[in-house]
Visitor: 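Provided herewith is a single structure, encoded as C-alpha cells, for subsequent inquiry.
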Amino acid sequence: MPTNHERRIAPRTNQILAARVATELDHAVAHGRGIQVFAANDWITLRGVALRAELGEVMKAVQNVKGVKVLTNQLELRNSLGKVFASQS
C-alpha cells in the first residue's frame, strides 16, 4: 500500500501519467515510440506495434511508473518491425 508521501507525488492527471509512461518506455526499449499510451483513472492501455522480445521490458517499465494501477496490453507483437519503423530511424 502506498505511503502518504507516495500518494502526494503520484500523477494527478491522465495526461501526466500517460506522458510518464511514454517517457519510461522510450528509455526502456529500443522502439518505445511505436507504442501509444492511453491513461484513464490510473488505468494504462498500450496500443501499437512492439517487438515480441521486448514485451517483458515494456510491461515492467510501465508497472514501475508511480500511479499505474492497471495495465491493459493491446499491443501487436512482431518478431521484427521491418518497415514499420524504417522511416522513423
Visitor: Grab the two heavy atoms, one from Leu25 and one from Ala61, that are nearest each other, plus how far apart they are.
Guide: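 Where Leu25 meets Ala61 most closely, the heavy atoms are CD2-CB, 4.3 Å.
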Visitor: For Glu57, check salt bridge (Lys or Arg N to Asp or Glu O under 4.0 Å) against everything at least two apart and list the hits.
Guide: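 Salt bridge (Lys or Arg N to Asp or Glu O under 4.0 Å) list for Glu57, sorted by chain: empty.
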Visitor: Could you walk me through whether Glu76 and Arg78 pass salt bridge (Lys or Arg N to Asp or Glu O under 4.0 Å), step by step?
Guide: CA-CA 7 Å; Glu76 177 186 337; Arg78 296 188 180 176; 2.7 Å; yes
Visitor: Is there a donor-acceptor pair closer than 3.5 Å between any side-chain N or O of Asn14 and the backbone N or O of Asn41?
Guide: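 Here the side-chain-to-backbone pair exists.
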Visitor: Rounded at 0.5 Å granularity, tell me how far CD1 in Ile44 sits from CG in Asn73.
Guide: 12.5 Å
Visitor: Apply side chain to side chain contact (heavy atoms under 4.5 Å, CB included) to the pair Gln63 and Val68, showing each step before the final yes or no.
Guide: CA-CA 6 Å; Gln63 292 168 342; Val68 174; 5.7 Å; no
Visitor: Is any side-chain heavy atom of Asn79 closer than 4.5 Å to a side-chain heavy atom of Leu51?
Guide: no
Visitor: Has Glu54 got a side-chain atom pairing as donor or acceptor with Ala30's backbone, closer than 3.5 angstrom?
Guide: yes
Visitor: Quick one: does Thr72's side chain get under 4.5 Å of Leu46's, heavy atoms only?
Guide: no
Visitor: Drop me the distance from Leu17's CG to Gln15's CD, to the nearest 0.5 angstrom.
Guide: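 Here the interatomic distance stands at 11.0 Å.
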Visitor: Regarding Arg47 and Gln74, do their side chains bring together a donor and an acceptor under 3.5 Å, going by distance alone?
Guide: yes
Visitor: Under the side chain to side chain contact (heavy atoms under 4.5 Å, CB included) test against Ile35, which residue among Val21, Val49, Val62, Leu75 passes?
Guide: Leu75
Visitor: Would Leu77 and Val29 show up in the same hydrophobic cluster when neighbours are defined by side-chain heavy atoms closer than 4.5 Å?
Guide: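 Shared cluster, yes.
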